[in-house]
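Convention: sequence-line order gives letters A, B, ...; per-chain numbering from 1.
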Protein chains: 4
Amino acid sequence: MQTRARQREHEILRAAIRVFARQGYHKSKVGEVAAEAGVAYGLVYHYFGSKESLLETIFRRTWKQMLRFVQEIEESDTTSQEQLRAVAGLVLQAWRLDPELVGVLVREVTRSPQLQNEVDEIAHAFAALERIVARGQERGELRPDLDARLASWAFYGALEEILTGWVFGRLPDDEEATARAEQMVVSLLLDGLNA
Amino acid sequence: MQTRARQREHEILRAAIRVFARQGYHKSKVGEVAAEAGVAYGLVYHYFGSKESLLETIFRRTWKQMLRFVQEIEESDTTSQEQLRAVAGLVLQAWRLDPELVGVLVREVTRSPQLQNEVDEIAHAFAALERIVARGQERGELRPDLDARLASWAFYGALEEILTGWVFGRLPDDEEATARAEQMVVSLLLDGLNA
Amino acid sequence: MQTRARQREHEILRAAIRVFARQGYHKSKVGEVAAEAGVAYGLVYHYFGSKESLLETIFRRTWKQMLRFVQEIEESDTTSQEQLRAVAGLVLQAWRLDPELVGVLVREVTRSPQLQNEVDEIAHAFAALERIVARGQERGELRPDLDARLASWAFYGALEEILTGWVFGRLPDDEEATARAEQMVVSLLLDGLNA
Amino acid sequence: MQTRARQREHEILRAAIRVFARQGYHKSKVGEVAAEAGVAYGLVYHYFGSKESLLETIFRRTWKQMLRFVQEIEESDTTSQEQLRAVAGLVLQAWRLDPELVGVLVREVTRSPQLQNEVDEIAHAFAALERIVARGQERGELRPDLDARLASWAFYGALEEILTGWVFGRLPDDEEATARAEQMVVSLLLDGLNA
DNA sequence: AATGAATGAGTTTTCATTCAT
DNA sequence: TATGAATGAAAACTCATTCAT
């Protein structure tokens, strides 16, 4: 059935995420992904045409989802502050929901520009974030003197660096710490460091 | 002479930076580095034991320099705000000073954690930035309620993301834009997005 | 099928023996082995993990076989003299049965000690030969005043040197000559050179 | 001075023997020989044209010496038995006199045929040994029914195998054991194994 | 004589991908 | 769908040798 097939495909993809998270994309062999999924060598190629396609699929699906969520947030009927808080929560909570996936995304970020032709969901998500900022400025909720694009990039960069710290074990990531981090980062970005 | 040797080594390292910036570390072949430097294949191995060692050296030297600068800033007799502004300037101006080097650093960030055992200058630089923040809090110049480490990571992340945007041509990077970006990011991080 | 696989493996091993016999292990390239076997480059690595493993397998299998034969001889119900004669026949007749294999073994003997951890069949075969001598001494068939281990080493050394002479074309190896050599060496070792 | 030069050359050669004995010819690098001799890279090439030439020189000089000794023995005014005993002593005592040199010779025997064009002292030494046997047969001191060449090869083979056992630590080689081995091997080869 | 930087051909090994079954 | 044997391009690295100083 298609269901069976979908499940197989999903197993392989999850296996790829685990393997990539463990060793990084480049050091991972297709055979290891197959072994992790408990399937034969060639089956990976049956479902995914190539090794790179595995990574691309991981990026595409994740960012598609991300885009969807950011758009929902964008369309939600709240203040810009709340929206930004929601975006931060979305990004940072991903670490606890699916650390392996986040690990792959963080480790392979630099590959995304190469995949970006294909994965333009990434650009769209960034654009949505930018619109949130811009709208906030129009509404008078956010400072109008900052470039919205730049601000949204800085905003996302701050979040991603926190994820990076967690992924590489250089920032504490227990439940309390992550919850606090979320509050703090948002507070920092909204209110600034100044006393 | 040693001078000759140092020069040779430097030529090869610069060639590596150019090649890595152009094609990325993984797609770059050692032979291409040699050709770019105008030297024979084996000479790369004479000075650097391996391809990876080239990258490691690039990271190590850059971060060593970075660390030195951040420490200078840390010890400078100014407000924390000025110090943070200086750090931001240091990071962001690197793009105009040496775009190829920044390109390599940005593209291969995710390799640095793997190199981090060796390149602990990175950790030291982060620690120095953290101390700047902590000192600012003690002095009452910066908000005391934010975790200094987290804040410094977020701060650096915001800067790095801007660099990333420039490296991948997704943010405008003409002289005016970069100068303005510098002002804005600092303003954003110090004063926040809130209106 | 496994049969197919075994056959492939065997073809590659025989090809390796031919190539190694022709040019020596060190001058032989893995690609030449593949070409000789009529298979692709990587298939050699599919069946054998490395070039050295090819040689090790050759040694191991040959000496396993050798050990088996020597043990049969040891357990045979004849005089020690007959047993030693049989061992000599076994060793020397190998040259006519499989000159290429003998060529490899003789040329690469000095590698065997390095492989000896793995190929302890060699040590076992030597031990069996030593037991034959020791038993002969106990039975009063052989001189009791010689150290059995030393005698068995000298015995084997004499045989191997004859093989070496044949391999390098420095001793005549036509059928008659080899047959006579067998008689003579045994006679020399049993009765001595003295008139 | 020439004396100085000779000394240098000798130092390098001895260094090569040590290094080759330690790791085998193939795994030894010219640089290691230079380092062991305490001289610069290129000086090895100044005195010896190539890596192989080092080995060749080792073989050539040793066998030249060996040839000289065997010829002396051949011309000595004693029985064939005494002459063979002397040859055995010559070969086996080499182990205690210069174990590193013997190690190289034993490990690289199989290279000698390739060097044999150059090093025909080896063939000459074998020929001298053969003449000793043949003369003994003419004199009625040794059995006339054995082929002299074959017998001399077997004789030498027995000796070399003992050396091999010592080199690879598989036969006891303390002073007493080596002295006894010498007696035994000669006794074995002259009188045979038979009771 | 002595140095060691410079050369670059040569080789093993890896591994993504294909394809017959 | 599923398997895993077969393919072979690709690349890092080694190291004997040369040569300018």
Stem list for DNA chain E, please, built from Watson-Crick and G-U wobble pairs under 3.5 Å and keeping only runs of at least 3.
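Stem list for DNA chain E: E:2-21 with F:2-21.
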Looking at DNA chain F, which of residues 14-22 of chain D put a heavy atom within less than 4.0 Å of it?
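The stretch gives none, as no residue of it lies under 4.0 Å from the strand.
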Looking at the side chain of Y47(C), which of dT3(E), dA6(F), dG8(E) is the nearest nucleotide?
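Of all the options, the side chain of Y47(C) is nearest to dA6(F).
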Among dT3(E), dT3(F), dA6(F), which is the nearest nucleotide to the side chain of L43(D)?
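Of dT3(E), dT3(F), dA6(F), dT3(E) is nearest to the side chain of L43(D).
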Do [X] and [Y] have side chains that approach each other closer than 4.5 Å (heavy atoms only, starting at C-beta)?
X: L54(B); Y: V30(B); value: no
X: E32(B); Y: Q23(B); value: yes
X: V167(C); Y: L105(C); value: no
X: R14(A); Y: E100(A); value: yes
X: E108(B); Y: F59(B); value: yes
X: R8(C); Y: H46(C); value: no
X: H10(D); Y: Q7(D); value: no

Could you check whether any side-chain N or O of Y25(C) sits under 3.5 Å from a backbone N or O of E52(C), counting only pairs where one atom can act as donor and the other as acceptor?
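Yes, the answer is positive, given that a donor and an acceptor are paired below the 3.5 Å cut-off.
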In Å and rounded to the nearest 0.5 Å, what is the CD1 to CG distance from I17(D) to L13(D)?
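Result: 5.0 Å between the selected atoms.
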Over how many whole Å does the gap from [X] atom [atom1] to [N] atom [atom2] extend?
X: F48(A); N: dA2(F); atom1: CZ; atom2: C1'; value: 15 Å
X: I12(C); N: dA6(F); atom1: CD1; atom2: C1'; value: 10 Å
X: R4(B); N: dT3(E); atom1: CZ; atom2: C1'; value: 16 Å
X: Q23(C); N: dT11(E); atom1: CD; atom2: P; value: 10 Å

So, is R8(C) close to the dA6(F) phosphate, meaning a side-chain N or O under 4.0 Å from OP1 or OP2?
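For dA6(F), OP1 or OP2 has a side-chain N or O of R8(C) closer than 4.0 Å.
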Establish, with yes or no, whether the OP1 or OP2 oxygen of dA6(E) is under 4.0 angstrom from a side-chain nitrogen or oxygen of H46(B).
no
Show the nearest heavy-atom pair for residues I58(C) and A16(C), with the distance to one decimal.
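Closest approach of I58(C) to A16(C): CD1-CB, 4.4 Å.
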Which pair of non-hydrogen atoms, one from A37(D) and one from E11(D), has the smallest distance, and what is that distance?
CB-O, 4.2 Å
How would nucleotides 11-16 of chain F be written as a contact map, 5' to 3', with B for base contact, S for sugar-phosphate-only contact and - for no contact, using protein heavy atoms under 4.0 Å?
SBBBSB
